[in-house]
Amino acid sequence: MSEFDQSAPAVRRIPVGKRCWRLTEMNEADIHTDRVLDPMAFLPDMDVLGCEMFDRVLDAVEVYDPDAVTPADVRRVLDADVVEPEDVGVLFAPAAESFIEEMARRARAERVRWFGTNIQFFTPLYLANYCENRCVYCGFNCESGIHRARLNEQQTIAELDAIAATGQEEILLLTGEDPVTSDIAYIARACELAAERFRNVGIEIYPANVSDYATLRAAGADYVTVFQETYDPVRYGKMHLRGRKRIMPYRFEAQERALKGGMRGVAFAPLLGLSEFRHDALACALHAYYINRAYPHAEISFSCPRLRPAAGAVTPKGPHVTERQLLQVICAYRIFMPFAGVTVSSRERAGFRDHVATITATKVSAGVSTGIGEHTHQAEEGDDQFEIADNRSLAEMCAAMRKMGLEPVMNDHVLV
Amino acid sequence: MADLEHTDTARAVDTWSLGGKEFTSRFILGSGKFRLDVVKAAVEDAGAQIVTLAVRRANTEQEGNILESIPAGVTLLPNTSGARTAEEAVRIARLARELGCGDFIKVEVIRDAKYLLPDNAETVRATEMLANEGFVVLPYMYPDLNVARDLVSAGAAAVMPLGAPIGSNRGLVTRDFIRILIEEIDLPVIVDAGIGRPSQACEAMEMGAAAVMANTAVATAGNIPLMAHAFGRAVEAGRAAYLAGPGRVLENAGEASSPLTGFLEEEAR
């Protein structure tokens with residue numbers, strides 16, 4: 001039950017699952033006003049899949065007490081061949097921190113078993129940084145005074161060509177979350193242009209409906225990344241003040257809608273540090289787990305961003321996540337779902353990424369720019385979404401990975 | 001002396017064929033989890049004449065493409081990993097042809113990201129479609145006799161039952177069912193997936209498998225070329241033991257003592 005329960009007459013809301021609602025009508029202006037939308041109420045034009053998975057994940061996280069986990073619990077879980085969903089929280093607990101070397105060993109064994117020494121590369125291309133949301137921690141948020149830009153078709157082609165010339169074969173297309181400025185048709189055209197130049201096209205855009213994902217799939221994209229940011233409903237409401245992103249369960253069900261739209265795989269992530277990271281890591285692991293149970297054919301992967309400072313945003317006061325804790329989270333993902341991909345962001349420093357790639361990560365970005373139009377330095381460059389710590393080019397990253405005993409792989413995919 | 005000559009003769013004629021090609025090695029090496037700089041050594045030390053590779057991995061402009069790491073003269077067996085339906089497998093197989101990988105294709109239709117178990121029904125459909133297009137089709141399958149018979153009817157060149165889940169190194173978990181395929185299916189039965197140690201490969205060959213394939217077990221070894229060598233020798237040893245089997249039967253028949261039926265000789269007296 002949210003604070004918004006009293007504000008709307010019952011006739012306009014239909015209950016969905018235990019926690020959520022679907023609005024049958026609404027005032028459009030509410031989307032663009034701070035703290036008016038109920039974060040638990042789907043807007044009338046949003047697909048609703050029923051929130052069963054949402055409720056299961058939040059139920060589990062609500063009763064999770066990481067401080068109650070003992071070293072004996074960690075021992076028992078690490079001694080088992082398979083980590084059950086009811087046990088995975090143990091691996092995110094403070095008590096597991098002292099087992100980090102053992103967790104890393106097991107993670108590495110699983111990584112090698114499933115992925116050998118392959119390490120995949122990709123680079124993000126930011127198409128636009130217009131955004132209708134107001135997320136207090138993000139540099140793209142609609143109230144920040146950053147320079148906005150959106151690549152037109154020619155600029156997109158130029159950026160894609162510049163990236164392809166470096167040898168990249170996988171690209172991740174990103175936009176800020178503005179479904180008017182960066183509508184599905186615009187993104188679909190970018191996917192077509194990308195698919196002509198890259199063998200693997202992923203998208204990281206605002207959550208969309210099933211039919212939108214089907215459109216993007218037909219245009220050549222087949223991997224969808226959506227960061228949930230936090231799985232704590234109260235914190236979620238405080239961090240996301242306006243825009244469609246404010247609707248938490250719609251974001252949660254994005255991966256499932258993407259798969260229903262025909263996508264091959266989906267990626268998950270909380271923004272670690274935005275809320276209690278142990279709870280968010282558990283929720284993310286269970287989210288991915290239940291998606292795998294429901295869609296066993298889907299490729300699953302985890303991203304592991306930590307909160308970074310950004311222009312035009314405030315850095316919320318939250319628990320800082322150390323590298324040791326980040327590694328604990330990533331190793332726990334690998335041990336729990338050994339077949340899943342793990343991507344480590346260029347927000348992390350080079351030395352951390354190099355070592356994590358040998359232990360658990362299977363994909364790294366290289367030659368990263370988070371601004372708009374920066375690959376070709378076109379006139380209309382937009383500001384960056386966040387600061388990055390690892391600026392290495394693709395060639396530099398390949399050399400570094402080889403030095404770590406890994407085999408750089410530009411593509412491991414056929415679009416079918 | 002006569003026995004030795006017999007052994008040499010058995011070895012000399014012990015070839016097998018797929019798609020009109022003759023092979024003497026019965027060890028098939030997977031290449032998916034290797035560093036490229038050790039693929040060549042592993043192939044050579046294993047004595048492998050067939051190497052599998054994922055089409056999706058070869059689908060690249062990358063310098064140091066895996067295709068370049070496989071020694072000349074080795075027959076490529078591209079696989080359709082990434083396919084979730086028969087139609088997707090067909091599209092990937094056609095791409096393999098375009099990439100210059102030849103007409104051999106290992107059909108993998110998998111819609112299970114966790115265990116990577118094959119979808120037998122889709123595999124049968126893909127096999128039929130690809131055989132009709134002239135491919136030499138080697139389907140990766142869960143060892144089910146009825147499905148294996150359907151694969152024969154669909155035009156498969158061999159069947160490739162799994163010993164255990166891919167990459168699990170658990171060995172011949174499906175031993176009894178593979179034995180049934182070996183008994184009942186006239187095509188070569190190639191044990192694929194799950195073989196973790198040379199001794200397990202050897203056992204599969206002793207049972208009468210036509211060949212054994214391994215990837216993870218070699219790729220994750222401490223010394224990759226040495227493990228490749230060990231697998232190659234284990235497969236040879238298992239094959240030799242299988243061939244030696246009939247000799248042992250003759251030996252038993254020649255035993256002097258017949259404790260149960262010896263009384264029959266009394267009649268003649």
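Protein chains get the first letters and strands the later ones, always in sequence-line order, with residue 1 at the start of each. Values below: every heavy atom of this structure, side chains too, minus hydrogens, waters and symmetry copies.
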Can you name the closest pair of heavy atoms from [X] and [Y] and give their distance?
{"X": "B:Glu88", "Y": "A:Val416", "result": "CD-CG2, 3.3 Å"}
{"X": "B:Arg84", "Y": "A:His297", "result": "NH1-CD2, 3.3 Å"}
{"X": "B:Ala113", "Y": "A:Ala298", "result": "CB-O, 3.2 Å"}

Filter on side-chain hydrogen bond (donor to acceptor under 3.5 Å, both in side chains), then keep only pairs touching residues 120-137 of chain B, sequence neighbours left out; what's left?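 Sorted pair list: B:Glu87-B:Arg125, B:Arg94-B:Glu133, B:Glu122-B:Arg125.
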Greater than 12 external heavy atoms within 6.0 Å of [X]'s [atom1]:
{"X": "B:Tyr142", "atom1": "OH", "answer": "no"}
{"X": "A:Glu101", "atom1": "CD", "answer": "no"}
{"X": "B:Arg170", "atom1": "CZ", "answer": "no"}
{"X": "A:Glu102", "atom1": "CD", "answer": "yes"}
{"X": "B:Phe23", "atom1": "CZ", "answer": "yes"}

Inter-residue atom distance B:Arg56.CZ - A:Arg199.CZ, 0.5 Å rounding: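 With rounding to 0.5 Å, CZ (B:Arg56) is 14.5 Å from CZ (A:Arg199).
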Please classify the contact of B:Ile166 with chain A as side chain, backbone, both or neither, using a heavy-atom distance under 4.5 Å.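 Backbone of B:Ile166 only, per the 4.5 Å heavy-atom cut-off to chain A.
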Heavy-atom distance under 4.5 Å to chain A: side chain of B:Ser168, backbone, both or neither?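 Both backbone and side chain.
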For chain B, the option from A:Val414, A:Asp412, A:Asn411 that forms the most heavy-atom pairs under 4.5 Å: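 Winner by heavy-atom pair count: A:Asp412.
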Is there any residue in residues 107-117 of chain A with a non-hydrogen atom under 4.5 Å from a non-hydrogen atom of chain B, and which ones are they?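 Contacts with chain B: A:Val112, A:Arg113, A:Trp114, A:Phe115, A:Gly116, A:Thr117.
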